[in-house]
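A quick note: this is a predicted structure, and the numbers were derived from the prediction, not measured.
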Amino acid sequence: MNKLVSRLKGRSELGLAALLGAFGVIVILDAMSLNVPYSQTDPVGPKTLPYIVGALLLVCAVLLAINVLRGGHGEAEGGEDVDLTHPTDWRTVVPLLGAFVLNIALIDTVGWVISGTLLFWGSVWALGSRRYIRDAVISVVMAVGTFYGFYLGLGIKLPAGLLEGVL
Amino acid sequence: METFDLLMQGFSTAATPINLLYAFIGVLLGTAVGVLPGIGPAMAVALLLPVTYSLEPTSAFIMFAGIYYGGMYGGSTTSILLNTPGESSTVITAIEGHKMAKSGRAAQALATAAIGSFVAGTIGTALLVACAPVVVDFAVSLGDPSYLAIIVLALIAVTAVLGGSKLRGFSALGIGLAIGLVGADPVTGQQRLIFGQPLLVDGLDIVVVAVAIFAVGEALWIAAHLRRKPMQTIPVGRPWMGKQDWKRSWKPWLRGTAYGFPFGALPAGGAEIPTFLSYVTEKKLSKHPEEFGHGAIEGVAGPEAANNASAAGTLTPLLALGLPTNATAAVMLAAFIQFGIQPGPLLFDSEPQLVWALIASLFIGNTLLLLINLPLAPVWAKLLQLPRPYLYAGILFFATLGAYAVNLQAFDLVILLLLGLLGFAMRRYGMPVLPLVIGLILGPRAEESLRTTLQLSAGDISGLWSEPVAVVVYIIVALVLLAPLALKIIRKRRPESVLLGNVPQTPDETAATDDDGGVANGYANGDNDSDHDKEHDKDTGSALPEHAGSSGGDPAEPAGRHRSDKIQNERERS
């Protein structure tokens with residue numbers, strides 16, 4: 001058991017292989033559930049490509065798992081603002097995702113101006129800015145600005161939500 | 001002369017005040033996203049897609065073209081002043097460009113980059129004008145079997161030739177193809193992969209997927225590894241060049257253009273390989289080889305020209321065949337689909353006004369870029385001081401807004417989040433995003449061609465190779481897949497890791513790959529070179545500055561040098 005644990009340590013990429021495998025299985029099962037009579041005008045049918053894609057995903061999943069178990073690993077992507085010397089900073093990512101999910105939950109009820117303000121302010125906070133007043137002012141300006149920009153400039157009416165009638 | 005007339009008509013469309021305004025907005029935005037870290041032209045176009053719904057398609061594409069070319073100019077500014085290339089195509093520029101900047105010649109480096117980009121962009125666009133109609137004439141004579149073969153070639157080439165690990169590339173391609181399957185089958189109306197969700201019947205909106213993968217995934221990834229220490233920017237005055245600089249620059253510009261355009265036009269060309277080849281060539285031909293590694297102007301002029309010429313080259317398959325070969329072209333193709341314009345060989349016939357106005361705007365945009373980049377370089381460099389929390393929060397904010405504005409439903413934001421997390425995981429585990437996006441866009445078209453082909457042959461599978469062009473293209477596909485494999489097996493007798501599409505794992509192995517990378521031929525060479533560049537891209541942060549000063553005679557030197565940094569980085573980490 002311990003041996004298994006030590007073998008799996010640092011091999012989180014296996015999760016990605018599992019995900020690929022799951023995708024492959026889903027694609028193939030979904031294609032099998034399609035019920036299409038053979039047609040002279042469409043000999044290929046809607047099932048062929050899903051089978052090919054599903055097979056490709058399954059083969060990649062297996063090869064990736066083997067590759068990772070043998071010590072292979074994908075290289076994390078670099079970039080101008082990316083510092084790979086420190087590990088994934090979950091204390092930034094989780095609040096960021098929180099702000100994102102909050103926006104999804106709120107946008108249809110409280111409206112874009114409020115949910116967008118929270119999204120921007122929350123993201124800025126998560127990313128480490130602590131100038132609360134300035135951040136809040138910029139957030140409100142961004143949300144209100146895009147609301148009117150989309151409405152007047154593009155004719156897209158974003159939800160006003162609670163502020164219906166005010167805006 | 002017909003082409004010339006059409007081009008002139010294109011100019012008259014592109015030169016209307018409103019279209020000039022969009023071209024100007026495009027080049028400004030393009031330069032800005034090129035300079036700004038963490039955001040590139042592909043992401044910028046993706047973020048703008050929802051906003052451009054209500055625009056005239058011609059105006060929208062004129063703006064996108066400006067962003068595309070502008071990103072190239074802006075990218076070189078960052079690599080020279082900061083030594084942190086944002087796009088993989090400007091990695092090589094950083095090698096000599098940053099050295100020049102450090103030794104007080106930033107102005108000349110920026111000038112040769114901007115003027116070289118202008119020269120190459122203009123010649124490249126002229127070549128596009130000359131080549132595209134020829135390619136179209138050839139392509140319209142092709143039937144579905146050949147067209148299918150060409151799509152397969154594009155998919156395989158982007159996946160197998162670019163990037164470090166083929167296995168991870170094909171995994172990404174599979175995911176992209178699977179996402180492309182979602183929704184009602186266009187022929188039978190059968191619903192695939194919708195899991196009972198009525199909102200999925202029309203398929204996943206390409207805009208939402210592109211924004212998720214390019215913007216949300218990238219912003220989350222950078223947030224997870226945000227560099228907390230500010231980087232040192234080299235202050236710069238107005239770019240200018242002396243007589244000697246002109247003398248040393250003009251030939252590299254032309255040679256770089258000659259490398260860049262054909263590679264850009266190839267299905268898996270990209271800008272990485274030609275910029276690298278240009279660097280190596282200039283180093284060999286230079287009268288001042290001793291300056292290489294200490295800031296040789298030829299090492300900036302050549303790769304910068306190659307980079308821009310390849311951008312023009314990329315537009316040839318995009319406009320003439322409907323095949324995207326890099327991320328920005330892929331998003332632009334998504335834009336065509338979004339506007340209900342059918343990309344492919346018939347585009348020149350069905351939308352001549354749009355296509356020629358777009359091409360004319362490339363000439364205009366390129367000139368505008370020279371004008372705003374030469375005098376204003378110090379202003380652009382100031383953009384680098386934008387506080388990072390605002391930059392990345394802004395990307396998430398506009399990604400959300402754009403994806404929501406497409407259909408005004410929160411469900412799209414859930415898709416955006418899920419695919420954004422997928423994009424995050426792909427960056428974490430070194431899975432390239434380009435095959436995913438290309439697979440998503442080309443998958444449905446490949447399926448359509450496949451079904452028409454076999455319909456014509458009444459289900460006989462030999463219909464797939466019933467045209468000579470199709471046979472030739474499938475042979476090329478086989479070569480792309482097998483040649484590097486065969487070469488590696490012969491050379492290293494390490495077949496097992498090659499079969500797995502393995503990235504070399506130990507420093508010794510990587511060093512061994514380098515030694516034969518520079519002089520090999522054919523696809524194997526391309527493969528290795530793109531590996532180098534990608535590697536460069538990976539940990540440029542601390543990599544180049546300390547070591548770029550050491551010099552050696554080996555053509556693969558920049559890569560080799562870089563490997564030693566990688567080793568060092570790994571040591572520091574452990």
Using heavy-atom distances under 4.5 Å, tell me whether [X] contacts chain B through its side chain, its backbone, both, or neither.
| X | value |
| --- | --- |
| A/S129 | both |
| A/L57 | side chain |
| A/W121 | neither |
| A/L34 | both |
| A/L96 | side chain |
| A/W125 | neither |
| A/V59 | neither |
| A/V53 | side chain |

Report yes if some heavy atom in the side chain of [X] is under 4.5 Å from a heavy atom in the side chain of [Y]; otherwise report no.
| X | Y | result |
| --- | --- | --- |
| A/D89 | B/L226 | no |
| B/T400 | A/W112 | yes |
| B/Y390 | A/D135 | yes |
| B/L422 | A/L19 | yes |
| A/L158 | B/L401 | yes |
| B/F424 | A/T88 | yes |

Distance-minimising heavy-atom pair for [X] and [Y]:
| X | Y | result |
| --- | --- | --- |
| A/L56 | B/F170 | CD2-O, 4.0 Å |
| B/R168 | A/G72 | NH2-C, 4.1 Å |
| A/L127 | B/A393 | CD1-N, 3.5 Å |
| A/R134 | B/P387 | NH2-CG, 4.4 Å |
| B/G443 | A/L49 | O-CD2, 4.2 Å |
| B/W221 | A/E77 | NE1-O, 2.9 Å |

Measuring from atom [atom1] of [X] to atom [atom2] of [Y], what distance do you get when rounded to the nearest 0.5 angstrom?
| X | Y | atom1 | atom2 | answer |
| --- | --- | --- | --- | --- |
| B/M431 | A/E13 | CE | CD | 7.0 Å |
| B/R451 | A/T48 | CZ | OG1 | 7.5 Å |
| B/K166 | A/L63 | NZ | CG | 13.5 Å |
| B/I395 | A/S123 | CD1 | OG | 11.0 Å |
| B/D185 | A/D42 | CG | CG | 7.0 Å |
| B/Q409 | A/I107 | CD | CD1 | 11.5 Å |

Original post:
Between B/L408 and A/I156, does a side chain to side chain contact (heavy atoms under 4.5 Å, CB included) hold up when you go through it step by step?
Top reply: CA-CA 9 Å; B/L408 293 182; A/I156 297 173; 4.2 Å; yes
**OP:** Sort out for me which of A/A105, A/C60, A/A143, A/G128 touches chain B most, counting heavy-atom pairs under 4.5 Å.
**Re:**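 Highest number of heavy-atom pairs under 4.5 Å: A/C60.
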Subject >> Closest-packed option against chain B by number of heavy-atom pairs under 4.5 Å, given A/A126, A/P87, A/G155, A/A61 >> reply: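 Looking at each of A/A126, A/P87, A/G155, A/A61 in turn, A/P87 comes out on top.
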Of all of [options], which one pairs up most often with chain A through heavy atoms under 4.5 Å apart?
| options | value |
| --- | --- |
| B/G459, B/A223, B/S457 | B/A223 |
| B/F398, B/F411, B/Y392 | B/Y392 |
| B/E447, B/H225, B/Q191, B/R192 | B/H225 |
| B/G174, B/G420, B/P389 | B/P389 |

Subject >> More than 12 heavy atoms of other groups within 6.0 Å of A/Y51 OH >> reply: yes
Original post:
Is the CD1 atom of B/I461 crowded by more than 12 outside heavy atoms at less than 6.0 Å?
Top reply: no
Counting only non-hydrogen atoms closer than 4.5 Å, does [X] touch chain A with its backbone (N, CA, C, O), its side chain (CB onward), both, or neither?
| X | value |
| --- | --- |
| B/L181 | side chain |
| B/V187 | side chain |
| B/L421 | side chain |
| B/L55 | neither |
| B/E218 | side chain |
| B/T188 | side chain |

**OP:** Determine yes or no for a side-chain-to-main-chain donor-acceptor pair under 3.5 angstrom, with B/R388 supplying the side chain and A/D81 the backbone.
**Re:**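 The answer is no, because no donor-acceptor pair under 3.5 Å joins these two groups.
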**OP:** For the pair A/H73 (side chain) and B/Y429 (backbone), establish whether a donor and an acceptor sit closer than 3.5 Å, ignoring hydrogens and angles.
**Re:** no
Original post:
Looking only at side chains, do A/N103 and B/Y404 share a donor and an acceptor under 3.5 Å apart?
Top reply: no
**OP:** Apply the test side chain to side chain contact (heavy atoms under 4.5 Å, CB included) to residues A/L97 and B/L417: give CA-CA distance (whole Å), side-chain angles for both, the deciding distance (0.1 Å), then the verdict.
**Re:** CA-CA 8 Å; A/L97 291 174; B/L417 178 63; 3.8 Å; yes
**OP:** Go through B/L193 and A/F23 one step at a time and tell me if the side chain to side chain contact (heavy atoms under 4.5 Å, CB included) criterion holds.
**Re:** CA-CA 10 Å; B/L193 293 172; A/F23 283 163; over 6 Å; no
Subject >> Test log, rule side chain to side chain contact (heavy atoms under 4.5 Å, CB included), inputs A/F150 and B/V51 >> reply: CA-CA 8 Å; A/F150 269 62; B/V51 186; 4.1 Å; yes
